[in-house]
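Per chain, numbering begins at 1; letters A, B, ... match sequence-line order. Keep in mind that the numbers below use all heavy atoms, side chains included, and drop hydrogens, waters and symmetry copies.
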Amino acid sequence: MTRSYALVDCNNFYVSCERLFRPELKRRPVVILSNNDGCVVSRSQEAKKLNIPMATPLFKVEQLLKRHRVEIFSSNYTLYADISSRVMQTLETFSPQVEIYSIDEAFLDLTGLITAEARYDYGQEIRQTVQRHVGIPVCVGIAPTKTLAKLANHGAKTYPATNGVVDLSRPERRDRLLKITPVSEIWGVGKRTLLRLQHMGIHTAWDLSALSIKTARRQFSVVMERTIRELRGEACIDIDAQPAPQQQVICSRSFGEKISAYAPLRETVCEFAARAAEKLRHNRQLARMITVSVRTSAYSAEDPCYANSASGSLPSYSNDSRQIIARATSLLQTVWKDGYRYAKAGVMLSDLSLDSPFQPDLFDDPSCRARNTALMKAMDQINHGGSGSIWLGGQRPQRDWFMNRAHLSPAYTTRWEQLPIVS
DNA sequence: TCTGGGGTCCTAGGACCC
DNA sequence: TCTGGGGTCCTAGGACCC
């Protein structure tokens with residue numbers, strides 16, 4: 001049976017979230033910054049028109065932003081995650097098979113759900129419902145493969161005449177859009193691949209779809225082969241409504257101020273380790289491998305450059321903050337070198353397993369494990385909401401001390417004291 | 001002065017086994 | 001003196017995604 005997928009993608013998602021609570025910003029240029037106020041990661045239509053490229057460092061466009069009185073926000077992930085889950089809940093009423101692909105987009109399996117003729121209208125209904133229930137504008141792309149649904153969504157965003165919905169079920173429409181879309185817009189074509197494709201004279205999505213499968217396989221990889229088949233309408237990537245448990249948990253940050261001494265760097269790494277352990281417990285997972293990485297700035301010309309990482313295993317599968325912090329500290333000692341100005345560090349947990357059913361090893365002490373689990377649970381409950389009321393020795397008490405967040409909006413939907421007030 | 005963070009998948013090459 | 005070949009597992013690195 002011919003399959004049918006919809007890709008629903010929120011428009012300028014972070015900007016739209018901020019505008020929900022600041023409606024006066026509707027037609028104003030708005031940008032959202034990454035963690036640490038480093039780069040521009042979301043732009044309103046008006047900001048895009050000012051030629052502010054995605055992921056530009058803030059300092060490069062600061063003057064431009066000022067001149068055009070662009071509204072600036074630090075990222076407020078607590079808010080975005082909450083709005084995202086409301087959007088996803090709404091989408092789940094439109095298909096039994098929904099794959100949440102990222103914070104702002106989801107694939108819906110429409111196969112056998114609606115007739116080909118009704119698909120465009122269904123897309124419009126999705127748009128209107130999300131707008132009415134959550135207040136977030138979305139675009140919908142519908143097609144027989146996920147790669148084409150991505151393309152359709154890009155079309156819906158690019159061409160206002162589509163009214164936010166593009167259905168590529170008919171091959172004529174599909175081919176027409178392929179011919180006018182640059183190959184760089186195709187899902188899976190990144191910077192490196194783009195360069196190689198251009199050398200081969202491949203510039204549009206249509207050119208790519210015409211590349212022989214054999215050549216694609218030989219010169220690129222199975223990934224490219226799949227992309228081409230999908231562009232031709234052959235579904236190779238299925239909906240993944242029950243994603244496998246995560247394989248790694250990462251906590252890493254650039255610092256607001258560079259760190260040259262061991263003690264503050266250790267405190268920071270301990271903090272990252274504690275956060276990673278929290279995430280692990282939230283996922284109901286355990287880890288056996290831990291990696292600690294540190295680096296100096298990759299951009300600074302005058303500072304000497306150094307980057308290193310060290311991995312090691314934990315005594316057994318664990319999500320106990322104390323064990324993870326202890327191991328992180330010992331690993332940091334092996335990569336620490338005096339005389340550098342550190343700009344970034346990270347802790348990664350891998351070799352994960354679910355915490356139940358748990359397979360203990362020979363030396364496991366069940367009563368000790370139960371006690372530790374209870375202790376961590378109590379800690380998480382006290383810290384619920386991210387306020388960081390209690391912490392372990394070695395952690396730095398003021399969370400986020402190292403992060404610049406000069407333009408943060410309130411946690412409108414997740415903290416009582418910050419609820420918006422209608423007067 | 002100031003350049004994000006958190007993930008996934010694929011491939012190649014080495015170690016090791018029989 | 002002869003020095004195969006196929007399989008698995010692990011790791012590092014690359015490329016990509018949002």
Using a cut-off of 4.0 Å on non-hydrogen atoms, how would the nucleic acid contact of [X] be classed: base, sugar-phosphate, or nothing?
X	result
A:Glu105	sugar-phosphate
A:Ser75	nothing
A:Lys344	sugar-phosphate
A:Ile186	sugar-phosphate
A:Arg226	sugar-phosphate
A:Asp104	sugar-phosphate

More than 12 heavy atoms of other groups within 6.0 Å of A:Arg232 CZ: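 Counting neighbours around CZ of A:Arg232, more than 12 heavy atoms of other residues, nucleotides or ligands fall under 6.0 Å, so yes.
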Given the C1' atoms of B:dC17 and C:dG4, what is the spacing between them in whole Å?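 About 14 Å, rounded to a whole number of Å.
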If you assign A:Val223 and A:Asp37 each to the DNA chain B nucleotide with the nearest heavy atom, which residue ends up on the more 5' nucleotide? A:Asp37
5' priority, DNA chain B, between A:Ala343 and A:Gln246 [closest heavy atom]: A:Ala343
is_close_aromatic(A:Trp187, A:Tyr101), centroid dist under 6.0 Å: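 Distance test on ring centres: under 6.0 Å, yes.
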Flag the pair A:Tyr77 / A:Tyr14 as yes when their ring centroid distance falls below 6.0 Å, and as no otherwise.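 A:Tyr77 vs A:Tyr14: aromatic centres under 6.0 Å.
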Looking only at the side chains, is there a donor atom on one of [X] and [Y] sitting less than 3.5 Å from an acceptor on the other?
X	Y	value
A:Ser169	A:Asp167	yes
A:Asn153	A:Lys157	yes
A:Ser350	A:Gln248	no

Should the pair A:Glu185-A:Lys150 be classified as a salt bridge under the 4.0 Å nitrogen-to-oxygen rule?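 Judged by the 4.0 Å cut-off on N to carboxylate O distance, A:Glu185 and A:Lys150 do not form a salt bridge.
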Salt bridge check: are A:Glu271 and A:Arg275 linked by an N-O gap of less than 4.0 Å? yes
Degree of bending, the helix from B:dG5-C:dC18 to B:dC18-C:dG5 (end axes from five pairs; round to 10°):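 Answer for the end axes of this duplex: 0°.
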With A:Arg295 as the cation and A:Tyr306 as the aromatic partner, state whether NZ or CZ is under 6.0 Å from the six-membered ring centre and within 45° of the axis. no
So where does chain A start and stop touching DNA chain C, 5' to 3', when the test is distance under 4.0 Å to a non-hydrogen atom? C:dA15 to C:dC18
